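Accompanying notes for the structure given below.
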Amino acid sequence: MANSMEGVAWSDRRVKVQKWSEDGQYLLGLIPALEEENERLRTSLETSEKEFDRLRQEVASLRGESESYRSEREDVADALNKFMNEMLQLVNEVAQKFRTPAQRAKSPFERDQPAPRPLAS
């Protein structure tokens, strides 16, 4: 009976070893495909990193350009504002000159002129 038990145990071990051998062969067959995929992914990663660096530099350049345009826009807005204020002042001065004396604001130093007297009839 002990011999029969040893035969069953040996048979089980033999099946397990055979299964491990088949699994090992299958796994070894996967290695070349995994190496190819690894190389493909490595190449893709390097390409992506280069593109990322290029885009980062482009964004930095565009930010600098944008800041330059923003500063230029502010300078133009300030100059335009100054010009418009000067024009408004000139228009007010011209309008003041064309107003009739009654429409003009009286200066505190201006003398009151006597009202015209009616002519005697």
Side-chain angles (χ1 to χ4, degrees):
M1 191 153 194
N3 205 7
S4 170
M5 291 293 275
E6 283 179 19
V8 170
W10 177 252
S11 177
D12 284 345
R13 286 185 194 150
R14 188 174 181 196
V15 169
K16 286 181 182 178
V17 168
Q18 186 175 358
K19 175 77 169 125
W20 288 344
S21 176
E22 290 171 0
D23 290 346
Q25 288 176 359
Y26 171 74
L27 292 174
L28 286 174
L30 293 178
I31 290 175
L34 291 173
E35 286 177 340
E36 288 175 15
E37 183 179 4
N38 184 36
E39 186 59 33
R40 183 182 58 77
L41 291 172
R42 186 180 307 262
T43 302
S44 176
L45 175 64
E46 288 172 1
T47 302
S48 296
E49 287 175 339
K50 288 177 184 176
E51 179 69 7
F52 177 75
D53 288 340
R54 185 187 69 77
L55 290 173
R56 185 182 334 179
Q57 290 172 353
E58 187 175 335
V59 165
S61 172
L62 291 172
R63 281 186 179 149
E65 192 175 323
S66 174
E67 185 59 37
S68 173
Y69 288 143
R70 183 177 292 121
S71 176
E72 188 176 321
R73 183 187 71 208
E74 288 172 358
D75 291 346
V76 168
D78 289 343
L80 183 59
N81 191 25
K82 182 178 177 184
F83 173 76
M84 293 303 290
N85 285 335
E86 289 173 2
M87 289 302 296
L88 182 62
Q89 184 178 3
L90 288 173
V91 167
N92 285 336
E93 287 176 13
V94 169
Q96 185 72 23
K97 288 181 181 181
F98 284 110
R99 289 186 183 152
T100 62
Q103 292 174 328
R104 287 189 194 146
K106 289 188 178 182
S107 165
F109 302 106
E110 222 177 281
R111 292 185 184 175
D112 287 334
Q113 295 186 5
R117 292 184 234 169
L119 295 175
S121 14

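All values derive from a computational prediction rather than experimental measurement. Scope of the values below: all heavy atoms of this structure, side chains included, with no hydrogens, waters or symmetry mates.
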Interatomic spacing from OG in S66 to CZ in R73 - rounded to 0.5 Å:
8.5 Å
Rounded at 0.5 Å granularity, tell me how far CG in L62 sits from CG in L55.
10.0 Å
Test Q89 against N85 for side chain to side chain contact (heavy atoms under 4.5 Å, CB included), laying out the working first.
CA-CA 6 Å; Q89 184 178 3; N85 285 335; over 6 Å; no
Distance in Å, L88 CG paired with E93 CD, rounded so as to fall on 0.5 Å steps:
10.0 Å
Do NZ/NE/NH1/NH2 and the carboxylate oxygens of K82 and D78 come within less than 4.0 Å?
no
Run the side-chain hydrogen bond (donor to acceptor under 3.5 Å, both in side chains) test against E65 and tell me which residues pass, sequence neighbours left out.
Y69
Please check if M84 and L90 belong to a single hydrophobic cluster, counting links between Ile, Leu, Val, Met, Phe, Trp and Tyr side chain heavy atoms closer than 4.5 Å.
yes
Going from CG on D23 to CD on Q18, what distance comes out if it is rounded to the nearest 0.5 angstrom?
11.0 Å
Spacing of E49 atom CD and R56 atom CZ [to the nearest 0.5 Å]:
10.0 Å
Would E67 and R70 satisfy side chain to side chain contact (heavy atoms under 4.5 Å, CB included), going step by step from the backbone distance to the final call?
CA-CA 5 Å; E67 185 59 37; R70 183 177 292 121; 2.9 Å; yes
Tracing side-chain contacts under 4.5 Å among Ile, Leu, Val, Met, Phe, Trp and Tyr outward from L30 reaches Y26, L27, L34
Would you please test R54 and E58 for salt bridge (charged side-chain N to carboxylate O under 4.0 Å, His left out) and show each step?
CA-CA 6 Å; R54 185 187 69 77; E58 187 175 335; 3.0 Å; yes
Examine distances only and state if a side-chain atom of S21 and a backbone atom of V17 form a donor-acceptor pair shorter than 3.5 Å.
no
Salt bridge or not for K50 and D53, using N-O below 4.0 Å?
no
If Ile, Leu, Val, Met, Phe, Trp and Tyr residues are connected whenever their side-chain heavy atoms lie under 4.5 Å apart, and connections chain through other members, are L80 and M87 in the same group?
yes
Donor-acceptor pair, S61 side chain versus Q57 backbone, under 3.5 Å?
no
Straight-line distance of R13 CZ to K16 NZ, nearest 0.5 Å:
8.5 Å
